[in-house]
Amino acid sequence: MKKKDRLLRQMIEDNKKSIVYFLTEPDVKRPTIFFSEDDDPKIGLASTTGFFVEPDKIVTTIDALSNALAIAAFSAVSFQRAFGNRATRSSRRRNRKQIIEPNEDLLEAYTIEGITAYDTKNNLVLLKVEETGSPLPLGDSDTVEIGETVYAIGGQDEPRCAGAEGYLRSRYRDDKWLHIRIHFPAAGNGSPVLNSKQEVIGVLAYSTGSAAGDSRSMMGTAITSNVLKELLASSREVMELDEFQEYPRVRAYALEARADKKMAERNKNRGAIRDYSAALKLNPDLVEIYSKRGIVKLRISKLRSAIKDFDKMIEINPEHIFAYNNRASARGNLGDERGILEDLSKAIEINPEYAIAHVNLAEVKIHIAEDKTDEGDIGEAKRYYQEVINHSAKALKLDPGNSLAQRQRKQAQHALRMLKSQPEV
């Protein structure tokens, strides 16, 4: 086992006792795991993660609670005990959907008294419980440097507590939000982000990759631990869930979630746009909506309006690779070749391992190479075809089964062979 893998496993083991899984469906007393046809275990009712920050207080994200009918909180350690071994044995039975129920005697549930503090600008909420847990130490997020290695603990891809290593890519929103390059479950919102000293330096609040249809985030946004400290200092009397959900800025999170579902269905695009717009009116701090709404506008060919949303997202977070990629698509449909090249090149500059951007850039350069060939500019045509080969090779290294990248490479290689006999101008 590699040294960094041992370190991550040890970090998970040291901190999983502080992790909490939240279930936010009507029948929260009977959580289940189901196995899909590809044998990938999913916790059927789980919605988000949280962790103890004080002996009787747990932090998680507002979006998970904004439209919940009920909430249950379980110790991640007991969740693993109740589900883990039985789920592992059942997973060997291929090509069958199964419902696996936990050993309820092993589930440790916390009694939630209510909400004691919340921050609608930064998607954080603090819950008070009757029992006591093991709080994680809070570090100083101002001391984390760009490029520094960080670790996320929690997630709910499986009963066992998950973990991932990443690094700090940038800061934005007045240094209150950390942009992290990490490969972590999109259901991991509410998970703690730790430094090498195992101190909390942030709380995962947005999994950017999920907006692009990826079940695991390539870029996560964490709210800094110093913002969390301010939230703890503002803790007040406990309020009930339904009272909390009535606040307009909290209702905005529920509207965003409803829009996300419509976005996923793909035949309710205009309804999704309306809900995203309504959410922004109630809570202008839900800035990820600009990227999501832009994607939906792009689908229905509202190109200039989509570009405005992507422009706004990039203004807020200049490191948002998906906004650059999607703006390139909108510009392409408007015939802005230079804009496409600029946006896709910027996305790759930010994240050289962004396979989709390599594929898209290769496709654009194929068309440019074809135009150069028609114009008789053989030297430039060869250069662009070689760049296509380079981009498609990089994409295939990152995603070996990408059929489009395979086609692009073959097409460029064939074109280069055909051009060898032609003189350059």
For side chain to side chain contact (heavy atoms under 4.5 Å, CB included), just list the numbers for T120 and Y247, CA-CA rounded to whole Å, side-chain angles, deciding distance to a tenth of an Å, and then say yes or no. CA-CA 10 Å; T120 57; Y247 286 97; over 6 Å; no
Taking C-beta and beyond as the side chain, do [X] and [Y] meet within less than 4.5 Å on heavy atoms?
X	Y	value
N326	F322	yes
I389	L416	yes
I182	E165	no
Y167	I180	no
V193	V203	no
K57	V129	no
Y253	N283	yes
D140	T143	yes

Flag, side chain of [X] to backbone of [Y], donor-acceptor distance under 3.5 Å:
X	Y	value
K365	L341	no
S234	L231	yes
T60	G190	no
H358	P352	yes
T48	N189	yes
Q408	V359	yes
Q245	L65	yes

Working to the nearest 0.5 Å, report the span between [atom1] of [X] and [atom2] of [Y].
X	Y	atom1	atom2	value
I146	L168	CD1	CG	4.0 Å
I321	R169	CD1	CZ	9.0 Å
I223	N122	CD1	CG	4.5 Å
D309	R293	CG	CZ	4.0 Å
D119	I62	CG	CD1	6.5 Å
R327	E342	CZ	CD	8.5 Å

State which residue, out of T49, I12, V77, fulfils the side chain to side chain contact (heavy atoms under 4.5 Å, CB included) condition with I19. T49
Any chance the side chains of [X] and [Y] put a donor and an acceptor closer than 3.5 Å?
X	Y	result
T221	Y172	yes
S305	K297	yes
D343	N325	no
D63	Y206	no
W177	N317	no
Q198	N15	yes
R407	Q411	yes
S141	N226	yes
R251	S66	no

Not counting sequence neighbours, which residues clear side chain to side chain contact (heavy atoms under 4.5 Å, CB included) with N195? List them please. E148, K197, E199, I201
Decide if atom [atom1] of [X] counts as having more than 12 heavy atoms of other residues, nucleotides or ligands within a radius under 6.0 Å.
X	atom1	value
D174	CG	no
R299	CZ	yes
E240	CD	no
H367	NE2	yes
K176	NZ	no

Can you give me the closest heavy-atom contact between [X] and [Y], atom names plus distance?
X	Y	result
A381	T373	CB-OG1, 3.3 Å
A254	N67	CB-CB, 3.8 Å
I153	S191	O-CB, 3.1 Å
G50	F22	CA-CE1, 3.9 Å
A412	Y385	CB-O, 3.6 Å

Verdict with supporting geometry, F52 and Y110, ring-ring contact (aromatic ring centres under 6.0 Å, His included): CA-CA 11 Å; F52 277 94; Y110 297 109; 5.2 Å; yes
Criterion side chain to side chain contact (heavy atoms under 4.5 Å, CB included) on L255 and L282, from CA distance to verdict: CA-CA 9 Å; L255 281 169; L282 291 176; 3.6 Å; yes
In terms of side-chain geometry, is the basic nitrogen of [X] or [Y] positioned less than 4.0 Å from the acidic oxygen of its partner?
X	Y	result
E288	K292	no
E237	K128	no
E353	R181	yes
E265	K262	no

Partners meeting salt bridge (charged side-chain N to carboxylate O under 4.0 Å, His left out) with R249 (sequence neighbours left out): D285
Under the side chain to side chain contact (heavy atoms under 4.5 Å, CB included) criterion, do I348 and H391 qualify, and how do the steps go? CA-CA 10 Å; I348 290 171; H391 286 300; 4.2 Å; yes
With side-chain hydrogen bond (donor to acceptor under 3.5 Å, both in side chains) as the test, would you mind laying out the steps for N390 and Q386 before giving the verdict? CA-CA 6 Å; N390 296 341; Q386 185 58 55; 3.2 Å; yes
Could you check V125 against V59 for side chain to side chain contact (heavy atoms under 4.5 Å, CB included), going step by step and ending with a plain yes or no? CA-CA 6 Å; V125 60; V59 68; over 6 Å; no
Please step through side-chain hydrogen bond (donor to acceptor under 3.5 Å, both in side chains) for the pair D311 and Y290, ending with a clear verdict. CA-CA 9 Å; D311 287 345; Y290 289 109; over 6 Å; no
Y118 six-ring face occupied by R236 cation (under 6.0 Å, within 45°): yes
So, Y324 versus F310, ring centres under 6.0 angstrom or not? no
